[in-house]
There are 2 protein chains.
Amino acid sequence: MENNRYKNIPHKTIERLSQYRRALQIAAEKGKTNIFSHEIAALLHITAVQVRRDLMLIGYSGSLRKGYDINDLIHLIGELIDSPKGQKVAIFGMGDLGRAIINYFQGKREKLQITVGFDINPEKTNRKIAGIPCYHLEKITEIISNEGIKIGILTVPGDQADETVRLMVEAGIKGILNYTPTPVEVPDDVYLEEYNMISSLEKVAFYVKEKG
Amino acid sequence: MENNRYKNIPHKTIERLSQYRRALQIAAEKGKTNIFSHEIAALLHITAVQVRRDLMLIGYSGSLRKGYDINDLIHLIGELIDSPKGQKVAIFGMGDLGRAIINYFQGKREKLQITVGFDINPEKTNRKIAGIPCYHLEKITEIISNEGIKIGILTVPGDQADETVRLMVEAGIKGILNYTPTPVEVPDDVYLEEYNMISSLEKVAFYVKEKG
DNA sequence: TCCATTTTGTTATTCATTTAACAGTGCAAA
DNA sequence: TTTGCACTGTTAAATGAATAACAAAATGGA
Ligand SMILES: NC(=O)c1ccc[n+]([C@@H]2O[C@H](COP(=O)([O-])OP(=O)(O)OC[C@H]3O[C@@H](n4cnc5c(N)ncnc54)[C@H](O)[C@@H]3O)[C@@H](O)[C@H]2O)c1
Ligand SMILES: NC(=O)c1ccc[n+]([C@@H]2O[C@H](COP(=O)([O-])OP(=O)(O)OC[C@H]3O[C@@H](n4cnc5c(N)ncnc54)[C@H](O)[C@@H]3O)[C@@H](O)[C@H]2O)c1
């Protein structure tokens, strides 16, 4: 049962591993082949201890004199985070934010591609938007199952969030990234990540006020 | 020194208070005047205990029989989070994401308004974009100080993040919301909040893979 | 009148994450 | 050789946050 050898890695560590990889790729492009924990730490503005602890958790060992082998580490993080065959992603709501995200992701990650979008506005459906086909939401079950999509990004208006999520789950989506301000609920076998931009900005505003 | 009576409120509580307020405003619009902790909890899909604990921390008491007075609570959260006179926000990088955010925020929060943008592309500067004036970045010190802006949202390309933040801090910005994938560093008296969309999506992808 | 019910407010406990402490190792220079 | 240095890997402690436990209060009904 080697299936779950990474089961007890903290969520925050998973996030950082993704960031380590990005930083390592940039370093590799500059011709660097090895890197110390304190160098990685400096790039992300965290501590070297945290970096070493994270790498310990995924079982990677560096060399005492040269630090970590950048290519090996990039590869190992990929093995952990990525699916070998890659994963397709669908986006729900082709408005300002949806389109910005699609443009942003184009060619960003080889193993994670936004391949279809859904909307209900007839001016947006049945054509390509930002380079990907946009379907009417009523086609959701057909498309999601044909394409084998498991991940969805939610960028519909807030008052549509609950109903759209219901349909997504019904269609077989197993992971949702919710950018609407409406908290949603999903069954246990669906992974949910929510981000509320207004809360974030109000938090910044609060601490600015407090510090001043 | 009653200045810092809210100093020891957890960061996560601040975020939730912002979300409580949104939910309460929606409830108020529907004509509801009172609400129980478990009702608020159901709206955000969290526990009633957490709601009560958060409200305890800001010193708000409900009535045993009627729960919380919605208008009172909205008002109190506003007193805590908002600045009485309101705060202006500047956005750096008027690209896809920057414009989406501006459109999104229009009229969303009375006490938090995005009033100016900065860019370096001559086609974007010295005119209005998405309803707000866009200046060249070289005007940063002048505009930021004239308008008394303390909060900035960063949506420039990743490789411009460090330099832009340096200029923002120099110009007097005290709170930064960084949406670039590049972690940045700020002095102690500047509050920094970072959000990396790719890490979030990779995290979702990872847990989808693991659960399957 | 008093008991059962429902809900609040608060303290105690558990869980998650970060930070600190430190032993072990390989290399370089003395 | 040996000593000092600059790292890594791991365990221990501290901090932060969520959850559980429970006393106190108010109401309505037995
Ligand atoms: N724009 C931003 O910067 C921003 C930031 C944070 C959060 N958000 C949130 O993201 C969501 C979208 O924001 P936006 O600015 O792109 O809005 P938008 O109005 O530009 O886009 C919404 C899109 O969803 C489509 N839509 C409506 N109902 C739908 C349904 N039931 N199924 C599928 N598609 C549907 C609309 O036709 C439209 O194309 C909102 O919930 C908003 O609160 C936006
Ligand atoms: N588009 C998205 O959905 C999305 C999501 C998450 C993060 N991001 C990040 O947000 C940032 C912007 O993304 P985007 O899609 O809007 O890119 P974009 O290319 O559309 O916009 C970038 C804007 O910044 C301007 N700019 C460049 N250098 C500048 C400088 N030094 N000072 C001020 N302005 C400058 C450009 O002229 C352009 O208008 C990027 O760092 C990206 O990684 C974007």
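Owing to the predicted nature of the structure, the values given are computational and were not obtained by experimental measurement.
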Item to check | Asp54(B): side-chain hydrogen bond (donor to acceptor under 3.5 Å, both in side chains) partners, not counting sequence neighbours | outcome: Thr13(B), Arg16(B), Tyr20(B)

Checklist entry - Do NZ/NE/NH1/NH2 and the carboxylate oxygens of Glu202(B) and Lys111(A) come within less than 4.0 Å? => result no

Next on the checklist: For Tyr191(A) and Glu193(A), which I'm curious about, is there any donor-acceptor pair between the side chains at under 3.5 Å?
Outcome noted: yes

Checklist entry - Quick one: are the ring centres of Tyr195(A) and Tyr195(B) less than 6.0 Å apart? => result yes

Item to check | Set of residues satisfying salt bridge (charged side-chain N to carboxylate O under 4.0 Å, His left out) with respect to Glu138(A), sequence neighbours excluded | outcome: none

Next on the checklist: Taking the basic N atoms (NZ, or NE/NH1/NH2) and the acidic carboxylate oxygens, is any pair closer than 4.0 Å for Glu163(A) and Arg166(A)?
Outcome noted: yes

Item to check | Which residue lies more 5' along DNA chain C, comparing Arg53(A) with Arg65(A) via nearest heavy atoms | outcome: Arg53(A)

Next on the checklist: Counting the atoms with a prime plus P, OP1 and OP2 as sugar-phosphate, which does Thr13(A) contact under 4.0 Å by heavy atoms, base, sugar-phosphate, or nothing?
Outcome noted: nothing

Next on the checklist: Let me spell it out: for each of Val49(A) and Leu64(A), pick the nucleotide of DNA chain D with the closest heavy atom. Which residue's pick is nearer the 5' end?
Outcome noted: Leu64(A)

Item to check | Span of DNA chain C in contact with chain B (heavy atoms, under 4.0 Å) | outcome: dT7(C) to dA12(C)

Item to check | Range on DNA chain D touched by chain B - first to last nucleotide, heavy-atom distance under 4.0 Å | outcome: dA17(D) to dT27(D)

Item to check | Any residue meeting side-chain contact (heavy atoms from CB on, under 4.5 Å) with Ala42(A), in chain and number order, not counting sequence neighbours | outcome: none

Next on the checklist: List the residues meeting ring-ring contact (aromatic ring centres under 6.0 Å, His included) with Phe92(B), not counting sequence neighbours, and say none if there are none.
Outcome noted: Phe118(B)

